[in-house]
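Naming convention: chains lettered A, B, ... in sequence-line order (proteins, then strands); numbering from 1 in each chain.
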2 protein chains.
Amino acid sequence: MTAPNRKPDYETLLRQAGLRITRPRQVILQILTETDDHPDAAQIFQRAVKQDAQISLATVYRTMKALEENGAIQRHAFGDGPARFEHAGDAHHDHLIDVDTGDVIEFASDRIEALQDEIAERLGYEIVHHRLELYGRKKR
Amino acid sequence: MTAPNRKPDYETLLRQAGLRITRPRQVILQILTETDDHPDAAQIFQRAVKQDAQISLATVYRTMKALEENGAIQRHAFGDGPARFEHAGDAHHDHLIDVDTGDVIEFASDRIEALQDEIAERLGYEIVHHRLELYGRKKR
DNA sequence: GACCTTATTGCAAACGGTTTGCATTTGCAG
DNA sequence: CTGCAAATGCAAACCGTTTGCAATAAGGTC
């Protein structure tokens with residue numbers, strides 16, 4: 001059950017943050033708006049180059065950083081691979097990564113969240129954030 | 001509640017795997033045997049150099065790889081930092097990382113494990129492995 | 001629309017963690 | 001003790017990511 005993703009208006013968001021909407025950014029934002037998966041910087045770059053051949057990978061990284069700082073996207077590091085991005089603002093969820101395909105399935109469980117809090121509590125800690133990733137293989 | 005760690009006999013283990021016990025390896029294995037925390041390669045290297053000034057970082061990495069391949073240690077990547085190692089063979093557990101100190105506290109919860117299986121099951125997946133990390137701050 | 005200031009860009013170089021090629025050394029089976 | 005394969009140190013390569021810099025362009029102001 002993938003969480004529904006309302007596509008945020010990245011452009012307005014950046015403008016409100018006082019950032020300029022440049023051509024490269026338009027391209028990148030459009031890609032993010034259209035995408036439903038969890039692409040890494042290289043994938044975003046590849047897609048972007050098709051629209052505008054002289055966009056640089058550095059700009060992709062810088063744009064992702066700007067978006068992240070403004071809470072528009074989230075950065076994940078699954079396994080040991082490159083960072084992958086997804087738009088923030090959806091309800092909290094964790095990830096199940098298909099080890100064969102790299103596909104990411106989102107899921108949420110209040111019970112797991114509650115248990116985590118309980119454990120942290122017992123250890124005398126306050127959870128700042130957490131990471132729960134299930135790596136699995138599709139049953140046939 | 002840190003899981004009790006029975007120190008494995010790395011040396012015998014490597015010998016059984018047909019690997020040679022060299023001076024650098026002796027030093028590294030001793031360090032691993034003595035350590036209770038989750039050191040990264042650089043830390044192991046630092047400690048090793050004190051015993052034998054000409055051990056190289058490459059050898060640390062190669063030794064850790066050999067140990068990992070033989071199931072003697074586990075490699076973790078907390079946050080975005082360097083890989084950190086711990087001896088395998090202890091009962092399964094997850095980690096709570098103190099965001100202020102980097103300290104790692106181990107914990108286990110059957111209930112969380114069960115919930116994970118349940119979720120994967122529901123999604124039609126079989127869990128190969130998982131990663132659960134709580135990042136927290138000590139309450140005073 | 002032209003102008004000006006400042007943010008943003010592309011490029012290439014630097015980065016940090018990790019791996020690798022190679023010539024040399026070493027463990028250890030025979 | 002010898003010989004050969006395995007392991008070492010070193011430096012260079014690697015990969016994902018960040019950064020310095022000079023050039024370009026966004027977008028507020030007139």
Side-chain angles (χ1 to χ4, degrees), chain A residues 10-31 38-70 72-85 102, chain B residues 10-31 38-70 72-85 102:
Chain A
Y10 295 122
E11 201 169 313
T12 306
L13 203 148
L14 289 187
R15 275 221 168 76
Q16 284 170 351
L19 300 180
R20 295 174 181 175
I21 303 306
T22 63
R23 179 101 214 310
R25 282 185 183 161
Q26 284 175 27
V27 172
I28 294 168
L29 297 188
Q30 200 209 328
I31 289 168
H38 297 64
D40 60 36
Q43 292 169 328
I44 296 169
F45 174 61
Q46 280 180 204
R47 299 177 199 179
V49 165
K50 286 183 200 155
Q51 314 274 131
D52 181 338
Q54 70 228 33
I55 286 179
S56 77
L57 182 56
T59 294
V60 173
Y61 276 109
R62 282 190 277 233
T63 301
M64 300 319 281
K65 191 172 179 202
L67 288 170
E68 195 183 0
E69 285 169 351
N70 287 283
I73 62 170
Q74 264 185 268
R75 171 189 302 245
H76 298 289
F78 299 132
D80 53 349
R84 298 173 65 171
F85 306 92
Chain B
Y10 295 121
E11 200 168 313
T12 305
L13 203 148
L14 289 187
R15 274 221 168 75
Q16 284 170 352
L19 300 181
R20 295 174 180 175
I21 303 306
T22 62
R23 179 101 216 311
R25 282 185 182 162
Q26 284 174 27
V27 172
I28 294 168
L29 297 187
Q30 201 209 328
I31 289 168
H38 297 65
D40 60 36
Q43 293 169 328
I44 295 169
F45 174 61
Q46 280 181 202
R47 299 176 200 178
V49 165
K50 287 184 199 153
Q51 314 274 131
D52 181 338
Q54 71 228 33
I55 286 179
S56 77
L57 182 55
T59 293
V60 172
Y61 276 109
R62 282 190 276 234
T63 300
M64 300 319 280
K65 190 172 178 201
L67 289 170
E68 195 184 0
E69 284 169 353
N70 287 283
I73 62 170
Q74 263 185 268
R75 171 189 301 246
H76 298 289
F78 300 132
D80 53 349
R84 297 174 65 171
F85 306 92

Within this structure, what is the [atom1]-to-[atom2] distance between [X] and [N], rounded to whole angstrom?
X       : N      : atom1 : atom2 : result
B/Ile28 : D/dA7  : CD1   : P     : 13 Å
A/Arg15 : C/dT6  : CZ    : C1'   : 16 Å
B/Arg20 : C/dG30 : CZ    : P     : 12 Å
A/Arg25 : C/dT8  : CZ    : C1'   : 6 Å

From CD (A/Gln54) to CZ (A/Arg23), nearest 0.5 Å: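 The distance works out to 8.5 Å.
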Look at the side-chain N and O atoms of [X] and state whether any lies under 4.0 Å from the OP1 or OP2 oxygen of [N].
X       : N      : result
B/Thr59 : D/dG9  : yes
B/Thr22 : D/dT8  : yes
B/Tyr61 : C/dT19 : no

Which nucleotide wins on minimum distance to the side chain of [X], given the candidates [options]?
X       : options                : value
A/Pro24 : C/dG10, D/dG9, C/dT8   : C/dG10
A/Ser56 : C/dT20, C/dT18, C/dG10 : C/dG10
B/Ala58 : C/dT18, D/dT17, D/dC10 : D/dC10

Donor-acceptor pair (no angle test) under 3.5 Å: A/Arg62 side chain, C/dG10 base: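 Between C/dG10 and A/Arg62, which were checked side chain against base, a qualifying N/O pair under 3.5 Å is present.
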5' priority, DNA chain C, between B/Phe85 and B/Arg23 [closest heavy atom]: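 Of the two residues, B/Phe85 wins.
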